[in-house]
Structure formats: C-alpha cells, structure tokens
There are 2 protein chains.
Amino acid sequence: MDDADLQRFLDELREGGGRVTTARRAIATAFLDAGGHVTVDDLASTVQAAHPEIAVSTVYRTMEALEERGLVEHLHLGHGPAVYHRSDELHHHLVCEGCGRVVEVPEETLTRFASEIAERFDFRIEARHFALPGWCATCLAAPEPPPA
Amino acid sequence: MDDADLQRFLDELREGGGRVTTARRAIATAFLDAGGHVTVDDLASTVQAAHPEIAVSTVYRTMEALEERGLVEHLHLGHGPAVYHRSDELHHHLVCEGCGRVVEVPEETLTRFASEIAERFDFRIEARHFALPGWCATCLAAPEPPPA
DNA sequence: TTAGCTGCAAAAGGTTTGCAAATTA
DNA sequence: TAATTTGCAAACCTTTTGCAGCTAA
C-alpha cells in the first residue's frame, strides 16, 4: 500500500472538519490494502482481526465519509452487497451473471453509446454506479448457458 | 386487459405440471391489468383488496413460477424492490437517479454497443436484468444536478 | 470544551424459507 | 390419492438509525 494514499485519505477527512480516529485509520488502511472491489463486510473482517471492537456500522459510516469527500465510490455489481473502490479509477464494470466475474472496461468504451442515448433520449447515462450485467465467454460456453 | 393473455398464463402454468389456484389467477390478473413495471408489493396490495388472505410470499412464488415459464421477467431499476414486466416486451430501461423516472429504449439501441463489448472483451452484455442508471434532462437542469 | 465519532442494539426493507394444512389435478 | 400450493411466521441479508458514552481537535 502507498503510505501517501493513506495520508491523503486522512488529511481530506480532517480538512472537512472530520476526525481521524483509530477506527478510521484502520478502515482506510484495510481499504487501500485490499485494492478494489471490497464490501463493507470484507473491510470489517479485516479490521476486526486487529480491532475486534470496531463495529460494522462504523465501517459503513467511515466509507460514507470517504465517499462524501470524493475519495471512494461504491457500486452495485448485481445482487448482494455494494463494493467500494477508489474514485480515481474511472472504469465501468461488466459482471458475469453466471460466475460473478468482474471485467473492468475503460470509461471511453461507453462514450459513443452514451452520446447516442443522450441524443435520442435526452438522458445522460452514468453507468458507473451499477455494473453492466451479462455473460462471460466461459459461462457462455459452459454446460448451463444463459437463458434466451 | 386481454383475456387471452390471462388464459395463456394459466395454461402455461398447467402445462409444466403447475396448478392454477385462486391466488395465481388473482395475481396473474392483477399483473396483466397493471401493465408493466409492478413490484411484488404493488401486486400484493391489488390482490389483497379482494383476497386479504393472499400472502406476499405467495406473490413472490407465483411470479417466480411465471418467470420460470418465460412469461414474465423481473428487473432491478436501482435500489428498492425489483419490478416485473411481461417478457415479450424486449426493451431496456434507463432510470434517472434523480427522480426515478424510467425511460424505455428499444432493444436494438444497444446492438452496436453490445457487439463492440463482445468483440473487445469477449463478454455478452445482457442489460435487461438491470436498468441503466443516469440522469434525465429535467434533473440535469434542476437546482441540484448530479455529481461530477 | 465540544462537535464529531463509536459501539451496541434495534429496526428497516426486500426477499426467502420451513412447515403443517389446504387444494388441485 | 398424491403432488403442489398456500398462509403464516420466522429467518435472512444488507444497510440504516438512535442514543449514551467517548475522544480528537
């Protein structure tokens, strides 16, 4: 993990009048160590190994605080819990409905599609908050392929 | 509502060894009357007006049975409960994260984008199960526009 | 000192499940 | 009759909330 990142997270927390506590330091560290697509539950387990007293609700509230400051973002991969990732990673996500595998696709992959939608439907697609579902090649070839 | 549709729903239920009960008839009727994008809760309320004893769990199980037979499909519009629609309406959905408005877009709107994704990422997008989030023109112009 | 956090426990939503009793075919 | 459904209640899972006590600034 990059210590500078942790520093930045904590600094930004303080800047908005927030406080840096043991829990927040531990959660931010766990998050940065994990490197993408972590659930609150993942973070809670990691953090609780060293600090069993840190509550899940604190993890929720800490991630919320980081999100308000624009440091992290959550997204929904499908059913199940939301995952968090650093907000400086601007990619979209494809999720296989068969195996759950996540494929990251660069932002600009959607550019043309998004402007088509904007033009025809007067609607600005902002597809980072929910993953695009579908089927990966492996699952398409598998014994139990997707419906239709 | 089209009586032929109800008939078809009930027939298909019977064909697979399923049974047609008072509850299922009432639920199917309520669904067809509603005409798209109904939650289980919507259906339960409608149905319970005449049959207070019909349980929500029965509505879940009935819609599941209809879905297994390919008559209906559920999709997730965002947070909140899933909605059901007839599976012969093959469109995609845009949902405004500001006001919740749902815009239906024809299947083929995604064709080019989907083949681009297929080619570049070996992944078949199947975006009917989750709506595409974004912002409608009204909310974009509103006092509190979307982040970023 | 005092606004801002924390832990805990409880609650809120949406959905699923177990089971005995009722019903359909 | 035998297999399927039902109603009810309880459980589940993720997330949110209330609140008294604690703590960073």
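Every chain is numbered from 1 and lettered A, B, ... according to where its sequence line falls, protein lines coming before strand lines.
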Upstream residue (5' side of DNA chain C) when B:Arg25 and A:Thr21 are each assigned their closest nucleotide: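 The 5'-side residue here is A:Thr21.
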Can you check the [X] [atom1] to [N] [atom2] distance for me, whole Å?
{"X": "B:Asp42", "N": "C:dT15", "atom1": "CG", "atom2": "P", "value": "11 Å"}
{"X": "B:Glu15", "N": "C:dT24", "atom1": "CD", "atom2": "C1'", "value": "17 Å"}
{"X": "B:His51", "N": "D:dT5", "atom1": "NE2", "atom2": "P", "value": "18 Å"}
{"X": "B:Met63", "N": "D:dT6", "atom1": "CE", "atom2": "P", "value": "13 Å"}
{"X": "B:Gln48", "N": "D:dG7", "atom1": "CD", "atom2": "P", "value": "9 Å"}
{"X": "B:Ile54", "N": "C:dA22", "atom1": "CD1", "atom2": "C1'", "value": "14 Å"}

Assess, by modelled atom type and distance only, whether the side chains of [X] and [Y] contain a donor and an acceptor separated by less than 3.5 Å.
{"X": "B:Gln7", "Y": "B:Asp3", "value": "no"}
{"X": "B:His92", "Y": "B:Glu107", "value": "yes"}
{"X": "B:His76", "Y": "A:His76", "value": "no"}
{"X": "A:His74", "Y": "A:His85", "value": "no"}

Keeping the roles fixed (side chain from B:Gln48, backbone from B:Ile54), state whether a donor-acceptor pair exists under 3.5 Å. yes
Taking five pairs at each terminus, the helix from C:dT1-D:dA25 to C:dA25-D:dT1 shows an axis bend, to 10°, of 30°
query: Under 6.0 Å from the CD atom of B:Glu53, do we count more than 12 heavy atoms belonging to anything else shown?
result: yes
NE2 of B:His79 to CD of B:Glu97, rounded to nearest 0.5 Å, is 7.0 Å
Of B:Ile27 and A:Gly18, the one whose nearest nucleotide on DNA chain D sits closer to the 5' end is B:Ile27
Kindly say if B:Arg19 contacts the phosphate of C:dT23, meaning a side-chain N or O under 4.0 Å from OP1 or OP2.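 Checking C:dT23 against B:Arg19, no side-chain N or O comes under 4.0 Å of OP1 or OP2.
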Once base and sugar-phosphate atoms are separated, protein heavy atoms under 4.0 Å mark nucleotides 9-22 of chain D, 5' to 3', with B, S and - as -----SBBBB----
Passes salt bridge (charged side-chain N to carboxylate O under 4.0 Å, His left out), A:Arg14 versus A:Glu12? Steps please. CA-CA 5 Å; A:Arg14 236 174 320 232; A:Glu12 299 238 13; over 6 Å; no
Please state whether the base of C:dA25 and the side chain of B:Arg14 form at least one donor-acceptor pair under 3.5 Å?
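Not at all, since no donor on one side and acceptor on the other fall under 3.5 Å apart.
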With the side chain counted from C-beta on, respond yes when A:Val95 and A:Val103 share a heavy-atom pair under 4.5 Å apart, and no when they do not.
no
